[in-house]
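Counting convention: from 1, in listed order, for ligands and their atoms alike.
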Amino acid sequence: MEYTELSNGLKMPMGGFGVFQVTDKEECKQSVINAIRAGYRLIDTAAVYGNEDAVGDAVREVIAEGVCTREELFITSKLWVQDMENYDTAKAAIDASLNKMGLEYLDLYLLHQAMRDYFSAWRAMEDAYQEGKLKAIGVSNFYAHVLTNFCETVKIAPMVNQVELHPYFAQPDAVETMKHYHVQPEAWAPLGGGRYQPFEDEMLQGIASAHGKSVAQVILRWNVQRGVTVIPKSTHQNRIEENFDIWDFTLTDEEMDKISALDLGYVGPAVKHFNPEFVRGCLGVKIHD
Ligand code: NDP
């Protein structure tokens, strides 16, 4: 596995495991255990996924089994917009995430969306970071102009920005802006999130067979080679293992360019942040009373 170093010196794995939409607690716990046994060390959840407790259970179980230590793991969660009303609601939500997971600290905590009063919420995250409850803090779904304003304004700049990044929505300019501010890009939906049909693409199939790899491995590797952390999700053991077996081959510059040329150059169908109805929908999602 490869690692990157965040702006605060923390080591972050370049590959991880996401659990969005794994709502069945037992399935989530078992998938995370399987992933960690397969070698993953980064797990990505969020308060709004409703499975922080299952991730915490899995983490304690693998540590008890001696698969790895807590220090070797990199556990991420995210603050939901309902809790981004003000400093106090954010502060309470950080503690709620820690309690649900049964962990003393999280390795990374992200503002899930640039919505509500995210500056006040960020100040609560800065304080929790300084208290050692969060080893790194970052943002998610921050477009380049929002990220720029944010980095130029806050006291502690975000260390990570998790956004949709795959060959069909490559966002090269946004990635450049992140690098300018020493913000590590992290790809959600690195396999396209079940959209775009990359697995049927003949060019990708050709590159995959040239390396004795699968299309999924090739597109994950493409992101890693351009400096982007990937967090594919799967509840199938064979795919969990396949998606982590990407550290023993290198795409050529020509292959990288061919994959980059798949970029549609516009916001993908899953991203509706520019749609007021989508924003109102997010603002209305409650994860507690
Ligand atoms: P992914 O790109 O990881 O795609 C997941 C889909 O691909 C699932 O349908 C999965 O099916 C399938 N799949 C997985 N591996 C393979 C494979 N090797 N071959 C073929 N199909 C495969 O999309 P996600 O949307 O799940 O994103 C990944 C993670 O990113 C999430 O779990 C979450 O942690 C994070 N995320 C963050 C967001 C944010 O706003 N910050 C938004 C969305 C996601 P199956 O499970 O059946 O194998």
Side-chain angles (χ1 to χ4, degrees), residues 13 15-24 27-28 30-32 34-35 38 40 42-52 54-55 58 74-81 84 106 108-115 118 138-143 146-147 158 160-171 174 184-201 204-205 208 213-224 228-246 267-273 278-279 281-282 285 287:
F17 183 69
V19 294
F20 177 42
Q21 291 172 326
V22 192
T23 46
D24 180 273
E27 184 178 41
C28 179
Q30 203 49 54
S31 303
V32 171
N34 291 344
Y40 291 81
L42 188 167
I43 307 297
D44 183 84
T45 182
V48 75
Y49 298 171
N51 55 20
E52 285 176 311
V55 170
F74 191 98
I75 309 300
T76 304
S77 193
K78 313 183 192 84
L79 183 66
W80 184 238
V81 294
M84 289 159 63
L106 290 176
L108 177 64
Y109 206 66
L110 306 174
L111 285 178
H112 205 143
Q113 308 281 355
M115 293 180 191
Y118 55 89
V139 296
S140 179
N141 297 305
F142 273 43
Y143 292 91
V146 179
L147 184 73
V160 172
N161 187 17
Q162 185 184 111
V163 300
E164 183 176 6
L165 290 170
H166 48 69
Y168 303 92
F169 190 38
Q171 305 203 62
Q184 173 63 28
E186 185 175 31
W188 63 255
L191 297 170
R195 301 171 288 275
Y196 303 99
Q197 276 92 45
F199 308 109
E200 272 102 73
D201 185 289
L204 292 175
Q205 287 170 349
K213 290 284 175 182
S214 68
V215 167
Q217 290 168 327
V218 164
I219 57 181
L220 293 172
R221 184 72 207 169
W222 166 82
N223 249 331
V224 167
V228 175
T229 304
V230 291
I231 46 167
K233 169 260 171 189
S234 179
T235 47
H236 294 96
Q237 181 62 20
N238 58 331
R239 289 175 171 177
I240 291 175
E241 288 171 19
E242 174 187 338
N243 296 342
F244 191 69
D245 185 16
I246 58 169
V267 175
V271 183
K272 301 192 187 99
H273 293 107
F278 174 81
V279 176
C282 281
V285 173
I287 56 171

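Numbered from 1 in the order shown, with element, the atoms of ligand 1 that lie under 4.0 Å from a heavy atom of A216 read 17 (C), 18 (N). The I231 neighbourhood of ligand 1 comprises atoms 28 (C), 29 (C), 30 (O), 35 (C), with distances under 4.0 Å to a heavy atom of that residue. Every atom of ligand 1 with a heavy atom of G193 under 4.0 Å away is listed here by number and element: 1 (P), 2 (O), 4 (O), 23 (O). If you number the atoms of ligand 1 from 1 as listed, the ones under 4.0 Å from a heavy atom of P232 come out as 3 (O). Close approach to P190 involves these atoms of ligand 1, each under 4.0 Å from a residue heavy atom: 2 (O), 3 (O), 28 (C). Below 4.0 Å from some heavy atom of D44 lie the following atoms of ligand 1, by number and element: 33 (C), 34 (O), 35 (C). Close approach of ligand 1 to G192 (heavy-atom distance below 4.0 Å) involves ligand atoms 2 (O). For ligand 1, the atoms closer than 4.0 angstrom to any heavy atom of Q162 are 35 (C), 36 (N), 37 (C), 38 (C), 39 (C), 41 (N).
Proximity of T76 to L106: side-chain heavy atoms (C-beta onward) are nowhere separated by under 4.5 Å. Considering only heavy atoms from C-beta on, L147 comes within 4.5 Å of P158 through its side chain. Between L42 and E186 the shortest side-chain heavy-atom distance falls below 4.5 Å.
Listed by chain and number, the residues in a side chain to side chain donor-acceptor pair (under 3.5 Å) with Q30 are N34 (sequence neighbours excluded). Annotation: ring-ring contact (aromatic ring centres under 6.0 Å, His included) contacts of F20 (sequence neighbours excluded): Y49.
The shell of residues lying under 4.0 angstrom from ligand 1, judged by heavy atoms, includes Y49. Using a 4.0 angstrom heavy-atom cutoff, Q217 does not count as in contact with ligand 1. Under a 4.0 angstrom heavy-atom cut-off, H166 registers as lying outside contact with ligand 1.
Between the E27 side chain and the V22 main chain, no donor and acceptor come within less than 3.5 Å of each other. A donor-acceptor contact shorter than 3.5 Å links the side chain of N243 to the backbone of R239. Listed for the S140 side chain is a donor-acceptor partner under 3.5 Å among the backbone atoms of Q162. Side-chain N or O atoms of N141 include one that pairs as donor or acceptor with a backbone N or O of H112 at under 3.5 Å. Judged purely by atom type and a 3.5 angstrom limit, Q184 has no side-chain atom pairing as donor or acceptor with the backbone of V228.
Considering only non-hydrogen atoms, atom 7 (O) of ligand 1 lies nearest to L191 out of L191, I43, T235. When F199, F20, W188 are checked for heavy-atom proximity to atom 39 (C) of ligand 1, W188 turns out nearest. When the heavy atoms of V48, D245, N243 are ranked by distance to atom 15 (N) of ligand 1, first place goes to N243. Residue A189 holds the heavy atom nearest to atom 25 (O) of ligand 1 of all those in A189, G16, S140, G18. Comparing K233, H273, R239 against atom 5 (C) of ligand 1, the shortest heavy-atom distance belongs to K233.
Scanning the protein for heavy atoms near atom 40 (O) of ligand 1, the closest one is N141 ND2, 2.9 Å. The protein atom (non-hydrogen) at minimum distance from atom 48 (O) of ligand 1 is S234 OG, 2.6 Å.
In this structure, K233 does not pair ionically with D44, as no charged nitrogen and carboxylate oxygen lie closer than 4.0 Å.
For atom 32 (O) of ligand 1, the nearest protein heavy atom lies closer than 4.0 Å.
For the pair V19 and ligand 1, the shortest N or O to N or O distance falls below 3.5 Å. Residue E242 has at least one N or O atom closer than 3.5 Å to an N or O atom of ligand 1. Below 3.5 Å of separation, one finds no N or O of K78 facing any N or O of ligand 1.
Contacts with ligand 1 closer than 4.0 Å are made by no heavy atom of E164, backbone or side chain.
Aromatic ring orientation, Y196 versus H166: tilted (interplanar angle from 30° to 60°).
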Test side-chain contact (heavy atoms from CB on, under 4.5 Å) applied to V160 and L110, step by step: CA-CA 8 Å; V160 172; L110 306 174; 4.3 Å; yes
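H236 and E242 share no side-chain donor-acceptor pair at under 3.5 Å.
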